[in-house]
Peer 1: 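Encoded as structure tokens, here's the structure I'll be asking about.
So you know, we letter chains A, B, ... as the sequences are listed, proteins then strands, and number each from 1.
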Amino acid sequence: MESVFSQQVYKIVKAIPKGKVMTYGQIALLLGVPRASQQVGWVLHWIPEEYQAPCQRVVNRFGGLAAGYGWGGQLAHRAELLADGVEVREDFTVELEKYQWHPTEAEIALLELPIEALERLNQKLAFSKERLNPAKRKKSKS
DNA sequence: ATATTGACCAGTT
DNA sequence: TAACTGGCCAATA
């Protein structure tokens with residue numbers, strides 16, 4: 001809870017603008033720990049109330065809402081996102097292309113994070129996109 | 001004190 | 001294609 005990692009997560013989550021979302025992996029990457037996405041989920045699960053962090057603005061890499069979101073699960077998560085003005089699909093996902101937050105250099109600096117973090121992020125995003133697209137490609141002949 | 005789990009992700013097989 | 005593996009690390013058991 002009081003670990004540096006947690007503190008950093010709180011800070012980033014609080015910086016997410018209303019109407020935008022970030023993914024667990026994106027946050028982990030910003031912190032320079034590319035594979036700590038699950039840990040980000042834990043941190044958010046146990047986030048102290050006094051931080052008042054908008055954890056509804058964090059979704060998984062597919063834009064999916066958290067099943068274990070507090071006591072209300074996805075329903076609660078969806079309600080808070082709707083209050084943010086974020087559209088939620090029937091399958092409890094949001095459109096990342098439309099709602100994902102891409103911090104600018106200035107915003108990264110404001111969070112006291114290294115600028116390399118942003119570069120890593122951009123590279124990774126491009127990579128993820130490439131990985132996701134093939135799945136949607138029509139399967140041509142066999 | 002060790003072992004397992006989990007709001008996850010990406011690389012490999 | 002899908003399934004498996006390793007990694008992250010706080011909280012539980």
Peer 1: A/L44, A/W71: one ILVMFWY side-chain cluster at the under-4.5 Å cut-off?
Peer 2: no
Peer 1: Nearest-Å distance, CG (A/L31) to P (C/dC9)?
Peer 2: 11 Å
Peer 1: Just by distance, do the side chain of A/Q26 and the backbone of A/W101 share a donor-acceptor pair under 3.5 Å?
Peer 2: yes
Peer 1: Where the side chain of A/L44 is defined as all heavy atoms beyond and including C-beta, which of C/dA11, B/dA10, B/dA7 is the nearest nucleotide?
Peer 2: B/dA7
Peer 1: Could you give the CD-to-P distance, from A/Q74 to B/dA7, as a whole number of Å?
Peer 2: 11 Å
Peer 1: Give every pair of a protein N or O atom and an N or O atom of nucleotides 3-8 of chain C that lie under 3.5 Å apart, one pair per line with the distance.
Peer 2:
unit_1, atom_1, unit_2, atom_2, d
C/dG7, N2, A/R35, O, 3.0

Peer 1: A/E80 has an atom CD; how far is it from atom C1' of B/dA7, in whole Å?
Peer 2: 13 Å
Peer 1: Just how far, in rounded Å, is P of C/dC9 from CD1 of A/I47?
Peer 2: 18 Å
Peer 1: Tell me the interatomic distance from A/Q26, atom CD, to B/dA10, atom P, rounded to whole angstroms.
Peer 2: 11 Å
Peer 1: Atom CG of A/L96 to atom C1' of B/dC9: distance rounded to whole Å?
Peer 2: 14 Å
Peer 1: Just so I know, are the side chains of A/P48 and A/Y10 near enough to count as touching, which here means a heavy-atom distance under 4.5 Å?
Peer 2: yes
Peer 1: Taking atom P in both B/dT5 and C/dC4, what distance in whole Å separates the two?
Peer 2: 16 Å
Peer 1: A side-chain contact here means heavy atoms from C-beta on lying under 4.5 Å apart; do A/M22 and A/P103 qualify?
Peer 2: yes
Peer 1: Check if the side chain of A/Y24 and the base of B/dA7 share a donor-acceptor pair of N or O atoms closer than 3.5 Å.
Peer 2: yes
Peer 1: Just wondering, more than 12 heavy atoms not from A/E90 lying within 6.0 Å of its CD?
Peer 2: no
Peer 1: Mind checking what makes ring-ring contact (aromatic ring centres under 6.0 Å, His included) contact with A/Y99, not counting sequence neighbours?
Peer 2: none
Peer 1: If I take atom CZ in residue A/R61 and atom P in nucleotide B/dA7, what distance separates them, rounded to the nearest angstrom?
Peer 2: 15 Å
Peer 1: I'd like the C1' distance from C/dA3 over to B/dA7, given in whole Å.
Peer 2: 23 Å
Peer 1: Does the side chain of A/L113 reach to within under 4.5 Å of the side chain of A/Q8, using non-hydrogen atoms?
Peer 2: yes
